[in-house]
Amino acid sequence: MVDAAFERRSGSAAGVADATTERRTTRVAATLVAVAFLAFFLLLPLAVVFVEAFRKGVDVYLAAFGEPDAQAAIRLTLLVAAIAVPLNLVFGVAASWAIAKFEFAGKSFLITLIDLPFSVSPVVSGLVYVLLFGAQGLLGPWLLEHDIRIVFAVPGIVLATVFVTFPFVARELIPLMQEQGNSDEEAAMTLGAGGLRAFLTVTLPNVRWALLYGVLLCNARAMGEFGAVSVVSGHIRGLTNTMPLHVEILYNEYNFVAAFAVASLLALLALLTLVGKSILEWRFGDAISGRTAH
Amino acid sequence: MDIRVAGISKDFGASPALRDVSLEIKAGELVALLGPSGSGKTTLLRVIAGLERPASGHVYFGATDATRLSVQERQVGFVFQHYALFKHMTVAENVGYGLRVRPRDRRPSRAAIRQRVAELLDLVQLGGLGGRYPAQLSGGQRQRVALARALAVEPRVLLLDEPFGALDAKVRKDLRRWLRELHGRTGHTTIFVTHDQDEALELADRVAILNNGRLEQIGTPDQVYDAPASAFVMSFVGDTTSLPAIVDGGRVRLGGLSLDVDVAASKDGPAQLYLRPADVVLTPGDCGGGLAGTVAGIRRTVAGRRAELTLDATGTRVEIEVPPQQALSVGDRAAVHIVRGTLFEDRA
């Protein structure tokens, strides 16, 4: 059965290739252009980050992380991600579940709304929170009265990050859950499982790899977000600086080695995310995109 | 468990899916819900299961009104069209699911569950395959896992949605016979949905025919085939040809001929005469008598051959069974003698 399926697939692939094959020179030229583009715009900058970070040796590189401000920035980034990612995990699962499994008024509006953070400039996302919670903002006076600080403090950074990373998990799950339909859940319910039980034993396992994938992307963005966080942070060293903000400050102070050292950590995170993403795609590509392995 | 459906109506948006459907199913019966797609047969099955709520009407399980009971409370065994097996669980875990999710006080011990799963897998002839995953099974095997899973909860009624729809012809036929035997052994009240008339006639004790959300007829396979209650049932169950005819003073007139067909139930006026391929006899040549026509096509069927005749009088085509050895080719002249026919009033 597996062999037959394989033959069919490779057979059709060969058929497609026959019909659409270009001349060899065209193929080589197209590949070269793509590789050159990639090398110039992606690989070169990445290499520069590491070269610059190690320009004055490993000791200086490591010293950049020994600095209290750098450590505070790393801690804050981890804290923000630790709050934002689980929040968006819960929100993403809830939203995609509602959207995929139920019919309700305003469904397409909700889908559009989830995409909002993708379409809005991060700076605007940050500004919204300043306008809402800042001293001159809508809720500012009330917050001041009760001595609650949101803007230019950690809560503001968390809020902005949550907003910006909103769509990642939901976007990953909605198409998959829609494709899978309701019959697995219905089967569980006819067998006597309650709604929560069906969700935990059937729905969640069905989307687990896509969920992990979404969380991975969400985490990468949460740690790397600059624009929105920059607006609400206030750039208070050691207090409200995340890693990306810290990189900018160091760079503006002509402290290139330290700037690139911290940047290399972010680049490393990006590379790790890519590796994780590739492994998931390679191993569970079918489960993520919803194609069942039948 | 007797199942009674009384006056069920259900709408999806503006289009009615079920209109005032009532039927009774006796304990241990095997009933087919037959109809074209969009006839409401699957909706009716889902209403009985509790997966859909009817707009009006009641569902009774025995003497109790089950209309307001949840799916879980109804304790039905439902086999979905594409089986809906849990992909991340083994076959044994799938079959045991319904027992594992029971509340603690009614949940069997682990050993008892394992025992029950093994019995069920033997029953569906999948003993030893408990450790496989659904993706490692063939379509027919998956179908049987789904059935074992549904039987595990000791359902009061077994509901199957297009149980053989996704299988190829050979497997389908084997499974059909096997399901009939299984039903004979376990005696579950069983309702299955199908659009395949052969399947319905061969498998079911009684067949309920739905069209446009209405129940057209429910009866034994013989009743629905031989005494169809409506033109729809006549044309949906079995092959039919219809000819425009006129009922006039107790006789049926068709292309200048007066036919000897039972017209007791028909009013005078235009009507449609429905013929099964076996209701007509074909005589080659222009020997007079019957309706003359020209052979327009001949097709091989599994059982014999089927000739298509264009009638001179009306220009309509009639399909007629002919024995394989009868010499006949396209363009030949032939005459049709109508042995039997069923009249329904002209709806147009």
Side-chain angles (χ1 to χ4, degrees), chain A residues 1-6 8-9 93 100-108 173 176-213 280 283-294, chain B residues 12-13 42 45-46 48-52 70-89 93-103 106-107 133-139 141-142 145-146 148-162 166:
Chain A
M1 205 177 118
V2 173
D3 284 349
F6 175 76
R8 220 179 303 130
R9 207 175 303 152
V93 170
K101 310 283 179 188
F102 303 103
E103 288 303 323
F104 53 90
K107 185 160 146 173
S108 53
L173 293 186
L176 178 64
M177 282 181 150
Q178 276 178 333
E179 157 139 0
Q180 284 178 343
N182 284 343
S183 55
D184 279 16
E185 284 77 12
E186 286 181 344
M189 281 156 80
T190 59
L191 292 167
L196 182 66
R197 186 76 177 238
F199 176 75
L200 291 176
T201 54
V202 175
T203 313
L204 221 46
N206 271 344
V207 298
R208 58 192 161 176
W209 300 117
L211 185 62
L212 190 57
Y213 187 93
L280 279 177
R283 181 72 186 77
F284 305 106
D286 286 352
I288 290 170
S289 64
R291 272 174 287 123
T292 39
H294 289 171
Chain B
F12 286 123
T42 294
L45 195 75
R46 291 171 60 86
I48 295 172
L51 291 169
E52 306 276 358
S70 68
V71 203
Q72 291 91 346
E73 291 165 325
R74 289 197 197 188
Q75 218 184 327
V76 297
F78 201 105
V79 175
F80 290 81
Q81 188 173 1
H82 299 288
Y83 321 133
L85 295 179
F86 308 134
K87 289 183 276 298
H88 58 286
M89 295 184 200
E93 284 167 347
N94 263 286
V95 175
Y97 185 87
L99 299 172
R100 286 202 312 277
V101 298
R102 281 190 182 169
R106 291 198 297 117
R107 192 189 312 156
Y133 282 90
Q136 297 169 302
L137 301 179
S138 71
Q141 288 173 327
R142 274 183 220 158
V145 174
R149 186 177 69 177
L151 288 172
V153 295
E154 287 148 43
R156 301 196 277 187
V157 55
L158 194 55
L159 306 169
L160 307 124
D161 186 8
E162 296 274 3

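Just so it is clear, the model here is predicted, and its values are computed rather than measured. By convention in this document, chain letters (A, B, ...) are assigned in the order of the sequence lines, proteins followed by strands, and residues within each chain are numbered from 1.
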J.: Please round to the nearest 0.5 Å and tell me the distance separating atom NE2 of B:H88 and atom OG1 of A:T201.
T.: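 With rounding to 0.5 Å, NE2 (B:H88) is 6.5 Å from OG1 (A:T201).
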J.: At a heavy-atom separation under 4.5 Å, does B:L85 approach chain A through its side chain, its backbone, both, or neither?
T.: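 Contact with chain A: backbone only.
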J.: Look up atom OG1 in A:T203 and atom CZ in B:F86, then write down how far apart they are to the nearest 0.5 Å.
T.: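 It comes to 9.5 Å.
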J.: Could you give the distance from OG1 (A:T190) to CD (B:Q75), rounded to the nearest 0.5 Å?
T.: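 Going from OG1 on A:T190 over to CD on B:Q75, the span is 11.0 Å.
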J.: Going through the distances and angles, do A:E186 and B:V71 end up as a side chain to side chain contact (heavy atoms under 4.5 Å, CB included)?
T.: CA-CA 9 Å; A:E186 286 181 344; B:V71 203; over 6 Å; no
J.: Relative to chain A, which of B:R149, B:R74, B:M89 shows the most heavy atom pairs under 4.5 Å?
T.: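 Heavy-atom pairs under 4.5 Å are most numerous for B:R149.
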J.: Do you know which two heavy atoms are closest between A:A188 and B:Y97, and how far apart they sit?
T.: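 The pair with the smallest heavy-atom distance is CB-OH, 3.6 Å.
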J.: Between B:F80 and A:A187, which heavy-atom pair has the shortest distance, and what is it?
T.: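 It is CE1-CA, 3.4 Å.
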J.: With rounding to the nearest 0.5 Å, note down the distance linking CD in A:Q180 to NZ in B:K87.
T.: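 Answer rounded to 0.5 Å: 5.5 Å.
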J.: Please report the interatomic distance CE(A:M189) to CZ(B:F78), rounded to the nearest 0.5 Å.
T.: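 Here the rounded value is 12.5 Å.
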